[in-house]
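Just so you know, ligand 1 is whichever comes first in the structure, and atom 1 is the first atom listed for that ligand. Values below: every heavy atom of this structure, side chains too, minus hydrogens, waters and symmetry copies. If you read the sequence from its start, that first residue is 1, and numbering goes on from there.
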Amino acid sequence: MGKQEGGGEESLPPLFESRRARFIGLYRVFASTILVGVCLIWVYRVTNIPRAGEAGRWAWIGMLMSEFLFGLYWIITQSPRWNVTYLQPFKDRLSHRYEDKLPGVDIFICTADPKMEPPTLVINTVLSVLSYNYPTEKLSVYLSDDGSSEFTFYALLEASRFAKYWIPFCKKFSVEPRSPEAYFALHSDVHDIKYGQEWLEIKKLHEEMKNRIESAVATAEIPVEIKKQHKGFSEWNLKVAKNDHQSIVQIITDGRDINSVDNDGCRLPTMVYMSREKRPQQPHNFKAGALNALLRVSSEISNAPFILLLDCDMYANNADSIREALCFFLDEKYGPEIAYVQHPQGYNNLTKDDIYGNECFVVNAVELAGLGGYGTALFCGTGCFHRRECLFGRKYSKDYRGHWNVESQKTIDRSIKELEESAKALISCSYEKGTQWGKEMGLIYGCPVEDIATGLAIQCRGWKSIYYNPERKDFLGVAPNTLDIALIQHKRWSEGLFQIFFSKYCPFIYGHGKIHLGAQMAYCIYLLWAPVSFPTLYYVTVPPLCLLHGIPLFPKVSSLWFLAFAYVFIAKNVYSIVEALRSGSTLKAWWYLQRMWLIRRITSYFFAFFDTIKRQLGLSETEFALTDKVITDDVSKRYEQEIMEFGTASIMYTVLATSALLNFLSLVWGTKRVVMDRHYKALDQLISQVILSGILVLINLPVYQALFIRSDKGHIPSSVMFKSVFLLALACLMPIY
Ligand SMILES: O=c1ccn([C@@H]2O[C@H](COP(=O)(O)OP(=O)(O)O[C@H]3O[C@H](CO)[C@@H](O)[C@H](O)[C@H]3O)[C@@H](O)[C@H]2O)c(=O)[nH]1
Ligand SMILES: [Mn+2]
């Protein structure tokens, strides 16, 4: 942010501090040496292009282009690294100064499918936020159900009852984490617990509640006597299909009601279930549509000045998160310019060495912290606190002081029924027609990564944003646990991100003069995932093919140019390992991540590139492929053992298997050639390509296993193998120009 600390005019101590990472100067020197290496590589490529008619001329030109793109991409990845910034909020100062006038906070939770996101998972998130260490009468929790499932509604009702026991229990014993499922999984033995009796009671209640919900889901029926207990069930008397139903809004607990209390007599937070109207012909804009509906419904009911956005699987892992976020917003000096506070995504189902590279150690600890350093944190859709006005499209102005302590009075004298009815009208299909919703107001439509575009738009309206990455993660979710799901997720992301690059929101154009150039570049690290697939795919196919034909593509080992390649390769990778280890990764996790980067690039990102182009040409529409959060037991077992789960005959695996086989073949052939040549000429000319294929073979080991050795359900189906062998034969027969 270019400043050292917050604080007030009357020399009040600041509510937060920021500090630049150490050794940035040293890093800059080191990065410059790599840059020199990259430039030398470019020079070598340009000055050594084979003459017309010589074998491998075009292959060489392809290498030139790939290395040029890699080089440019590397340069943009430097911008956040030059500006890594850490933040420290002071929640005690906040309590001391503002404890009696803490602002209201609305919490939005999105769910979209009761099968992929089971109701028990959803309410676990709900319960974790209901029990935040924050005045309950100031909290409101809204659940948006795009699956419009009666079972999710029922589960929420059960959660509101269990909350009467859970909230006091959490507060009395300072329980952490406050997600019951996570808490009981961590503390499963009563002997470790000092307050055994109460612990046992709560655990029993929790299990009974879970059983009731699960058996209702299993039998696909909610018992009649339960249905009689709440008028809300009548919504499902009409025909409610996932994509065809009326608006539903049910206020389950009303925070204004002094009789709505927990077992200790303390007020319960407001709890609202909503499912916006959907009709088959009307686009509903996926999660962005759901969030915008939530924005309107909440402004009718509680209208809190601050909002926390969460995915249904992201439970709160720190009871004080709200207070910490408020330290940024309420800081007297810098608070009024802050639009949102983003936390990194954390996961609670990672394996020891994170086989699918889900936990983005370096992205979280370095890149996002660097972007945050420019005052332009990346909005990631979940685990993010927002200032309501900013989401409503307000522009920043210097005299803005923040209206957080202005209480909304309008709901005081309206009955629950009135509120529900007026809220319903706000989430009908037709409500947004002809309005600025999805454009200037709320989350932006038309992009599967609505969050990134929205964050950028907010920053370009003059606001700053905070990236806060404390040691202990504040939110933990469910990470993809099969390769399929992981690749689907990355395909959606890379597609959405590349789409932003092409849209009017391209940071270099839209952000020009509004956000720092370094921030524009850093945004593009992500926006350009899809096109980076091309040089990568080129690098894993053309050098091995040329090796098979005996065409050298790299300088001779005896030439000085070789040093430039060797230096860039070694320095970049050694640094990458050091950076990963310092960010909390293990060596093996780093290695797995390299594997995942390769796989993502040649599959997800590659296909995403074409789908984006198709969309740009108007040949297809935006989709949001939801990630499945449940897996079967044997899949889960393999996940625990860190065995890659392929299992389907996805076309992505054909690409992957073909490149793996090609490199294996060229490694064997190349090694033979190098070994057999007694004059070391082949060694001098081809060794770089042999090493490259060797590394790719190592990376692809699980692919060979899945193709030829494994017989469990997670192996690669033989149809994929046949296709790959066929493609490989074609590739080998092709002449090289
Ligand atoms: O039509 C939809 C589709 C999705 N969702 C919700 O969106 C969230 C994210 O979906 P998920 O399948 O879990 O996707 P992820 O890839 O895990 O989501 C990441 O990427 C998304 C953008 O692609 C961001 O919006 C998310 O916050 C971020 O966690 C979930 O809570 C869904 O219930 C809806 O509410 N309505
Ligand atoms: Mn998710």
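What sits closest to atom 27 (O) of ligand 1 on the protein, heavy atoms only, is Lys287 NZ, 2.6 Å. Given atom 20 (O) of ligand 1, the protein heavy atom at minimum distance is Trp493 NE1, 2.9 Å. At the top of the distance list for atom 36 (N) of ligand 1, counting protein heavy atoms only, stands Asp146 OD2, 2.7 Å. Scanning all protein heavy atoms for the shortest distance to atom 29 (O) of ligand 1 gives Asp311 OD2, 2.6 Å. Taking atom 21 (C) of ligand 1 as the reference point, the nearest protein heavy-atom neighbour is Arg492 NH1, 3.7 Å. Among all non-hydrogen protein atoms, the one lying nearest atom 33 (O) of ligand 1 is Glu117 OE1, 2.9 Å. Here the protein heavy atom with the shortest distance to atom 31 (O) of ligand 1 is Cys110 O, 2.8 Å. Of the protein's non-hydrogen atoms, Pro448 O, 3.5 Å is the one closest to atom 22 (C) of ligand 1.
The pair Asp451-Lys287 does not meet the salt-bridge criterion, since no charged nitrogen lies less than 4.0 angstrom from a carboxylate oxygen. Of the charged side-chain nitrogens involved, none lies within less than 4.0 Å of a carboxylate oxygen, so that Lys115 and Asp628 do not count as a salt-bridged pair. For the pair Lys473 and Glu359, the salt-bridge criterion is met [side-chain N within less than 4.0 Å of a carboxylate O]. Glu642 has no carboxylate O lying under 4.0 Å from a charged side-chain N of Lys352, or vice versa, which leaves the two without a salt bridge. Note on Glu158 versus Lys210: no salt bridge recorded, every NZ/NE/NH1/NH2 to OD/OE distance being 4.0 Å or above.
For ligand 1, the atoms sitting less than 4.0 Å from at least one non-hydrogen atom of Phe286 are 1 (O), 2 (C), 36 (N), numbered in the order shown with element in parentheses. Atoms of ligand 1 found under 4.0 Å from any heavy atom of Thr111, numbered from 1 in the order shown, are 33 (O), 35 (O). Annotation for ligand 1: atoms under 4.0 Å from non-hydrogen atoms of Gln489 are 15 (P), 16 (O), 17 (O). Counting the atoms of ligand 1 from 1 in the order shown, those under 4.0 Å from a heavy atom of Gly381 are 27 (O). The ligand atoms of ligand 1 that sit less than 4.0 angstrom from a heavy atom of Lys629 are 11 (P), 12 (O), 13 (O). Of all the atoms in ligand 1, the ones that sit under 4.0 Å from a non-hydrogen atom of Cys312 are 31 (O). The Thr382 neighbourhood of ligand 1 comprises atoms 27 (O), 29 (O), with distances under 4.0 Å to a heavy atom of that residue. Taking every non-hydrogen atom of Gln345 and a distance limit under 4.0 Å, the qualifying atoms of ligand 1 come out as 28 (C), 29 (O).
Judged by the shortest distance from any of its heavy atoms, Met116 lies outside the 4.0 Å radius around the atoms of ligand 1. Heavy atoms of Pro480 stay at 4.0 angstrom or farther from ligand 1. Heavy-atom distances between Gly496 and ligand 1 stay at or above 4.0 Å for every pair. Ligand 1 does not have Met314 within reach: every non-hydrogen atom of the residue lies 4.0 Å or more from it.
Checked against the 6.0 Å centroid threshold, Trp437 and Phe392 count as a close aromatic pair.
If you look at Asp451 next to ligand 1, the close heavy atoms, those under 4.0 Å, all belong to the side chain.
Between Ala112 and ligand 1, at least one N/O pair is under 3.5 Å apart. Some N or O of Thr627 is nearer than 3.5 Å to an N or O of ligand 1, by distance alone.
With sequence neighbours excluded, the residues satisfying salt bridge (Lys or Arg N to Asp or Glu O under 4.0 Å) with Arg388 are Asp106.
Note: Phe286 and His284 have perpendicular aromatic rings, judged against thresholds of 30 and 60 degrees for the angle between ring planes. Using the six-membered ring where Trp is involved, Phe379 and His386 have ring planes that are perpendicular, over 60° apart on the 30 and 60° scheme.
Shown are Asn285, Asp146, Asn292; of these, the side-chain hydrogen bond (donor to acceptor under 3.5 Å, both in side chains) with Arg276 is made only by Asp146.
The minimum heavy-atom distance linking Pro702 with Phe646 is given by the pair O-CE1, 4.0 Å.
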